[in-house]
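Notes follow once the structure below has been shown.
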Amino acid sequence: MKTPVHIAVSGAAGQISYSLLFRLIGGELLGDQPFTLGLLEVPQSIEALEGVAMELTDCASPLLHGVACHSDPEAAFADADVVFLVGARPRGPGMERQDLLEVNAGIFSAQGKALNAAAKRNVKVLVVGNPANTNALIARCNAPDLPPENFTAMTRLDHNRAVGLLAERCGRPAGAIRQAIVWGNHSTTQYPDLSHATVDGRPALDCVGRDWYEQEFIAAVQQRGAEVIRVRGKSSVGSAANAAIGHMRDWLSGTPAGEWTSMAVSSDGSYGIEPGLVYSYPVEIH
Ligand code: NAD
Ligand code: LMR
């Protein structure tokens, strides 16, 4: 029997977690590797969280070796191997993600300190809560005893949006697309880049033309989150949980041979980006 690893999830009674947690216990992150779950919520949502924990137990997953609900971040993150920082307020219609900074920044400084105190030294932390790049920077700066490379922010949803929209335009399945890139921030300043992308091995720009790429595609990817909020009335949930699993699975198990994905990581100065910024790059993991 493999020793269980410990996965912590913040905002665990929220919408994204309600999709993420049930995919975790279905084995989509770690295959047959068993794990325990430390679920974190604010005190006023602990009762709702206990309901989620009941449902997780009721799935009778052979992978789940224990679930605990916490309102203390240090308790939730104790000996954590893998952490999803989802808990933060989402934006509503007409807001930019940076409007969330004031309310969400305090959460990530406290949780950075708790990770510093309690998590495994090789913990892998994915920040989903917005504004994700800035929150990852705040958490990392509050965890000086952990290596900076342990902190990442999620631009995988933007990457998947780029792949999905390109595939739709070409009338091909997403599996035909390789080597898309999202540079920068999980915000409207991000740059979805198709200059290396291929569709069935052909250059993507030969398939779709530069006019569509420059005049429609880039803005469509940059604005996709706002468009989902406009149409659905709430921010993305299922696609966000899917991206969080894809990001963490590639980080833990490696990207497919010869392919890359997009992840916001601490810049080492590559491509002229200021060292220390949490910035989305094309990333290969071996
Ligand atoms: P939600 O409001 O449904 O859930 C958030 C949960 O976090 C709530 O249950 C809340 O009680 C909890 N929470 C708040 N403060 C907390 C704290 N200090 N500790 C622990 N839990 C806390 O929101 P959601 O739809 O699940 O979205 C969560 C976040 O993810 C939002 O900030 C949203 O904008 C962001 N998001 C990011 C991406 C991305 O691509 N990076 C995609 C979608 C959503
Ligand atoms: C998204 O991109 O869907 C999320 O960041 C939610 C949002 O506010 O757009």
Side-chain angles (χ1 to χ4, degrees), residues 8-21 38-52 69-77 83-115 125-136 138-139 152-162 164 182 184-190 192 220-248 262-264 278 280:
V9 179
S10 77
Q15 295 301 307
I16 293 174
S17 295
Y18 198 68
S19 173
L20 174 66
L21 289 166
L39 306 181
L40 179 66
E41 260 297 344
V42 291
Q44 54 274 33
S45 294
I46 282 292
E47 194 175 354
L49 182 61
E50 281 165 359
V52 174
C69 300
H70 302 279
S71 57
D72 171 9
E74 268 194 48
F77 301 155
V83 177
F84 293 91
L85 295 184
V86 182
R89 188 185 296 172
R91 66 174 168 158
M95 293 171 74
E96 287 297 330
R97 296 184 189 94
Q98 67 188 21
D99 298 336
L100 299 168
L101 190 52
E102 200 173 330
V103 57
N104 287 339
I107 296 175
F108 290 85
S109 59
Q111 293 184 359
K113 289 185 177 74
L115 286 163
V125 180
L126 168 60
V127 175
V128 175
N130 277 319
N133 298 55
T134 309
N135 290 337
I138 292 170
T152 61
M154 191 164 95
T155 51
R156 180 61 168 265
L157 179 53
D158 309 289
H159 180 100
N160 288 348
R161 287 168 172 163
V182 171
N185 219 359
H186 176 63
S187 75
T188 48
T189 63
Q190 68 180 256
V221 177
Q222 289 170 334
Q223 297 292 343
R224 187 72 162 182
E227 187 62 6
V228 169
I229 292 171
R230 189 185 68 77
V231 174
R232 206 176 90 85
K234 291 181 185 154
S235 73
S236 304
V237 169
S239 57
N242 179 66
I245 289 183
H247 174 120
M248 195 58 91
S262 303
M263 275 186 193
V278 176
S280 183

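Start at 1 and go down the list; that is how both ligands and their atoms are numbered. The structure displayed is predicted, hence computed values, not measured ones.
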Exercise. Has the side chain of D99 got a donor or acceptor atom that lies under 3.5 Å from a matching backbone atom of M95?
Worked result: no
Exercise. Can you check whether H186 has an N/O within less than 3.5 Å of an N/O in ligand 1?
Worked result: yes
For this session: Please work out which of P90, G11, G14 has its closest non-hydrogen atom nearest to atom 2 (O) of ligand 1.
Result: P90
For this session: Would you indicate whether R91, at its atom CZ, is surrounded by more than 12 heavy atoms from other residues, nucleotides or ligands within a distance under 6.0 Å?
Result: yes
Exercise. S236 to ligand 1: N or O pair under 3.5 Å?
Worked result: no
Exercise. Is there at least one pair of N or O atoms, one from R89 and one from ligand 1, spaced under 3.5 Å apart?
Worked result: yes
Exercise. Counting distance only, does the side-chain N/O of S10 pair as donor-acceptor with the main-chain N or O of V86 below 3.5 Å?
Worked result: yes
Problem set entry | Check: S235 main-chain N/O paired with R232 side-chain donor or acceptor under 3.5 Å | yes
Exercise. Is the number of heavy atoms from other residues, nucleotides or ligands within 6.0 Å of CZ (R224) greater than 12?
Worked result: no
Problem set entry | Enumerated ligand 1 atoms positioned under 4.0 Å from heavy atoms of A88 | 5 (C), 7 (O), 28 (C), 29 (C), 31 (C), 32 (O)
Exercise. Is there a donor-acceptor pair under 3.5 Å between the side chain of N104 and the backbone N or O of N130?
Worked result: yes
Problem set entry | For atom 28 (C) of ligand 1, the protein heavy atom that lies nearest, with its residue and separation | V86 O, 3.3 Å
Exercise. Just which atoms of ligand 1 are under 4.0 Å from any heavy atom in A13?
Worked result: 9 (O)
Seminar exercise, completed: Of N160, V128, V42, the one whose closest heavy atom lies nearest atom 37 (C) of ligand 1 is V128
Exercise. Does ligand 1 have an atom that lies less than 4.0 angstrom from a heavy atom of Q44?
Worked result: no
For this session: Say whether I16, considering both its backbone and side-chain N or O atoms, lies within less than 3.5 Å of an N or O atom on ligand 1.
Result: yes
Problem set entry | S280 (side chain) donor-acceptor with G184 (main chain) under 3.5 angstrom | no
Exercise. So how far is it from E74 CD to L40 CG, rounded to the nearest 0.5 Å?
Worked result: 11.5 Å
For this session: Enumerate the atoms of ligand 1 whose separation from the nearest heavy atom of L157 is less than 4.0 angstrom.
Result: 40 (O), 42 (C)
Seminar exercise, completed: atom 8 (C) of ligand 1: closest protein heavy atom, distance to 0.1 Å, is E41 OE2, 3.5 Å
For this session: Output the list of atoms in ligand 1 that are nearer than 4.0 Å to some heavy atom of S45, sorted by atom number.
Result: 11 (O)
Exercise. Do S10 and ligand 1 have an N or O pair less than 3.5 Å apart?
Worked result: no
Seminar exercise, completed: Numbered in order shown, the ligand 1 atoms found under 4.0 Å of a heavy atom of Q111 are 17 (C), 18 (N), 19 (N), 20 (C)
Problem set entry | N/O donor-acceptor pair under 3.5 Å between Q222 side chain and Q190 backbone | yes
Problem set entry | Heavy-atom donor-acceptor pair, S71 side chain to P43 backbone, under 3.5 Å | no
For ligand 2, list all ligand N or O to protein N or O distances below 3.5 Å, rounded to 0.1 Å.
from	atom 1	to	atom 2	distance (Å)
ligand 2	2 (O)	R97	NH2	2.8
ligand 2	2 (O)	R161	NH1	2.9
ligand 2	2 (O)	R161	NH2	3.3
ligand 2	2 (O)	H186	NE2	3.3
ligand 2	3 (O)	R161	NH2	2.7
ligand 2	3 (O)	S236	OG	3.1
ligand 2	5 (O)	R97	NE	2.8
ligand 2	5 (O)	N130	ND2	2.8
ligand 2	5 (O)	H186	NE2	2.6
ligand 2	8 (O)	R91	NE	2.4
ligand 2	9 (O)	R91	NE	3.1
ligand 2	9 (O)	R91	NH2	2.8
ligand 2	9 (O)	R97	NE	3.4
ligand 2	9 (O)	R97	NH2	3.1

For this session: Identify, for atom 34 (O) of ligand 1, the protein heavy atom at the shortest distance, and state residue, atom and that distance.
Result: N130 ND2, 2.8 Å
Problem set entry | salt bridge (Lys or Arg N to Asp or Glu O under 4.0 Å) partners for E227, two or more places apart | R230
Seminar exercise, completed: Per-atom filter on ligand 1: closer than 4.0 angstrom to a heavy atom of A240 are 42 (C), 43 (C)
Problem set entry | Under 3.5 Å: N/O of S17 near N/O of ligand 1 | no
Exercise. Are the side chain of S17 and the backbone of G14 linked by a donor-acceptor contact shorter than 3.5 Å?
Worked result: no
Problem set entry | Whether over 12 other heavy atoms sit under 6.0 Å from E102 CD | no
Seminar exercise, completed: The residue among N133, T134, T155 that forms side-chain hydrogen bond (donor to acceptor under 3.5 Å, both in side chains) with N185 is N133
Exercise. Got a donor-acceptor contact below 3.5 angstrom from the N135 side chain to the G129 backbone?
Worked result: yes
Exercise. What is the closest protein heavy atom to atom 3 (O) of ligand 1, and at what distance does it sit?
Worked result: Q15 N, 2.9 Å
